[in-house]
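Numbers here simply count residues along the sequence, with the first being 1.
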Amino acid sequence: MTVYIKEIKQSFKAWCIWTFAISFMLMMCVLIFPETKGQMESLNNVFANMGSFSSAFGLDELNFGELMGFYKTECGNTLGIGSGLFSALIGISALSAEEKEHTAEFLLTHPVSRLSVVMQKLLSVLTQIIFMNIVIIGTALLSSLIIGESFEMRPFLLMHTAYIIMQIEIACICFGISAFIIRGSVGAGLGIAVLFYFMNIISNITEKADFLKYITPYAYADSSSIISEERLEMNLICIGILISAFGILTAVLKYTKKDIL
């Protein structure tokens, strides 16, 4: 597990910064809820009748006067964008870091197979995502206690489960791409996450782009049905799992045969 430990130590500072930033923003959103509760209740009808804009962000299915509806709208976007960017960042740099930093010679001279290197790096990526979400969920629950409110636990947990699966899918897609990158490209990973986010918005605005829901992981993570109907979009999640598995398989096949410079 030498590679795994090395990856965790090397990424710890960045993990702390991203986790703190996302958790802090979520805490601030929850803490202002009591001050805006009355105003948000009066805005329900306004948001519900804003046409395609409401559909794009799922505003027509939520009650903003309730903590869960407010949390989904205000905190969900922060969580989706922030965690998506972080997942893309650690995924895209996982297998290209050695060539970028010229440490491949040192790593690959050790008695460890390339398959083991790939799996340990993947495990480090998944570990960072899981522990980031543990901190985020804990922060959200603590914030709700501070303001004397409580989340509806089923939709709350379903929502965060969907976001975790979304983050893993983005990370796995970027992980697969990273095996093809020679010198590393953080911009490519961040661009992929942003592209997925806007694909979801477009698919919500027009039915002609409805097929994009089967491509972007934000489709099932950002679905308002999680709150309104307390269910996950399992058909989209299953597609996401298959795409994640394909990304991992691609990384294994490419990296184990790649000429490392």
Side-chain angles (χ1 to χ4, degrees), residues 8 11-34 36-37 40 57-58 61-91 122-172 193 196-197 200 216-234 236-237 240-241 244:
I8 293 296
S11 305
F12 183 70
K13 184 177 180 180
W15 179 87
C16 288
I17 293 173
W18 279 88
T19 301
F20 173 79
I22 297 172
S23 298
F24 179 77
M25 292 299 294
L26 293 186
M27 175 177 280
M28 291 299 99
C29 285
V30 175
L31 292 181
I32 66 173
F33 174 69
T36 61
K37 184 176 181 179
M40 296 304 290
F57 294 95
E61 299 181 36
L62 300 174
N63 183 353
F64 304 102
E66 297 178 353
L67 179 59
M68 197 63 238
F70 179 84
Y71 183 76
K72 170 65 177 65
T73 304
E74 299 298 328
C75 301
N77 288 324
T78 300
L79 177 59
I81 296 173
S83 65
L85 291 176
F86 176 73
S87 300
L89 177 65
I90 59 176
L122 176 62
L123 183 59
S124 73
V125 169
L126 298 179
T127 299
Q128 292 178 68
I129 291 175
I130 295 301
F131 277 91
M132 178 183 70
N133 281 277
I134 290 174
V135 174
I136 289 173
I137 292 172
T139 301
L141 293 175
L142 177 61
S143 301
S144 68
L145 292 176
I146 293 175
I147 64 174
E149 297 276 352
S150 61
F151 288 105
E152 299 175 52
M153 290 310 299
R154 178 174 171 80
F156 176 82
L157 294 176
L158 285 176
M159 172 183 164
H160 279 281
T161 298
Y163 273 108
I164 291 172
I165 298 173
M166 177 210 77
Q167 294 158 28
I168 292 175
E169 181 181 347
I170 291 176
C172 288
F196 281 148
Y197 181 77
N200 180 55
T216 170
Y218 281 96
Y220 56 78
D222 197 41
S223 175
S224 296
S225 63
I226 297 175
I227 308 302
S228 60
E229 302 175 24
E230 298 187 8
R231 65 176 180 85
L232 296 175
E233 298 285 352
M234 291 307 302
L236 298 180
I237 288 178
I241 292 174
S244 300

What distance separates Ile137 CD1 from Thr161 OG1, expressed to the nearest 0.5 Å?
7.0 Å
If only side-chain N and O atoms count, and only distance matters, is there a donor-acceptor pair under 3.5 Å linking Tyr71 with Glu149?
no
Taking atom CH2 of Trp15 and atom CD1 of Ile90, what is their separation to the nearest 0.5 Å?
11.0 Å
So, taking the atom named CG in Leu31 and the one named OG in Ser143, what distance separates them when rounded to the nearest 0.5 Å?
5.0 Å
Apply the test side-chain contact (heavy atoms from CB on, under 4.5 Å) to residues Leu157 and Phe151: give CA-CA distance (whole Å), side-chain angles for both, the deciding distance (0.1 Å), then the verdict.
CA-CA 10 Å; Leu157 294 176; Phe151 288 105; over 6 Å; no
Looking only at non-hydrogen atoms, find the nearest pair between Tyr163 and Gly80 and report the distance.
CE2-CA, 3.6 Å
Glu169 (side chain) donor-acceptor with Ile165 (main chain) under 3.5 angstrom:
no
So, taking the atom named CZ in Phe86 and the one named OG in Ser11, what distance separates them when rounded to the nearest 0.5 Å?
7.0 Å
Can you give me the closest heavy-atom contact between Cys75 and Val30, atom names plus distance?
SG-CG2, 4.2 Å
side-chain contact (heavy atoms from CB on, under 4.5 Å) for Ile226 and Glu233? Distances and angles first, verdict last.
CA-CA 8 Å; Ile226 297 175; Glu233 298 285 352; over 6 Å; no
How close do Ile129 and Ser87 get, counting heavy atoms only, and between which atoms?
CD1-OG, 3.9 Å
Which atom of Leu158 lies closest to which atom of Arg231, heavy atoms considered
CD1-N, 3.9 Å
Distance-only, no hydrogens or angles: does the Ser23 side chain make a donor-acceptor pair with backbone N or O of Phe20 under 3.5 Å?
no
Of all heavy-atom pairs between Leu236 and Ala219, which one has the smallest distance, and what is that distance?
CD1-CB, 4.0 Å
Between Ala88 and Ala193, the two heavy atoms sitting closest are CB-CB, 3.9 Å
Rounded to the nearest 0.5 Å, what separates atom CE in Met153 from atom CE in Met68?
9.0 Å
Tell me, with the steps shown, if Ser83 and Met166 meet side-chain contact (heavy atoms from CB on, under 4.5 Å).
CA-CA 9 Å; Ser83 65; Met166 177 210 77; 3.8 Å; yes
Show, in sequence, the C-alpha distance, side-chain angles and deciding distance for Gln167 and Val125, and conclude whether the side-chain contact (heavy atoms from CB on, under 4.5 Å) test is met.
CA-CA 10 Å; Gln167 294 158 28; Val125 169; over 6 Å; no
How many angstroms lie between CG in Asn200 and OH in Tyr220, if you round to the nearest 0.5 Å?
11.0 Å
Tell me if the aromatic rings of Tyr197 and Tyr218 count as close, with their centers under 6.0 Å from one another.
yes
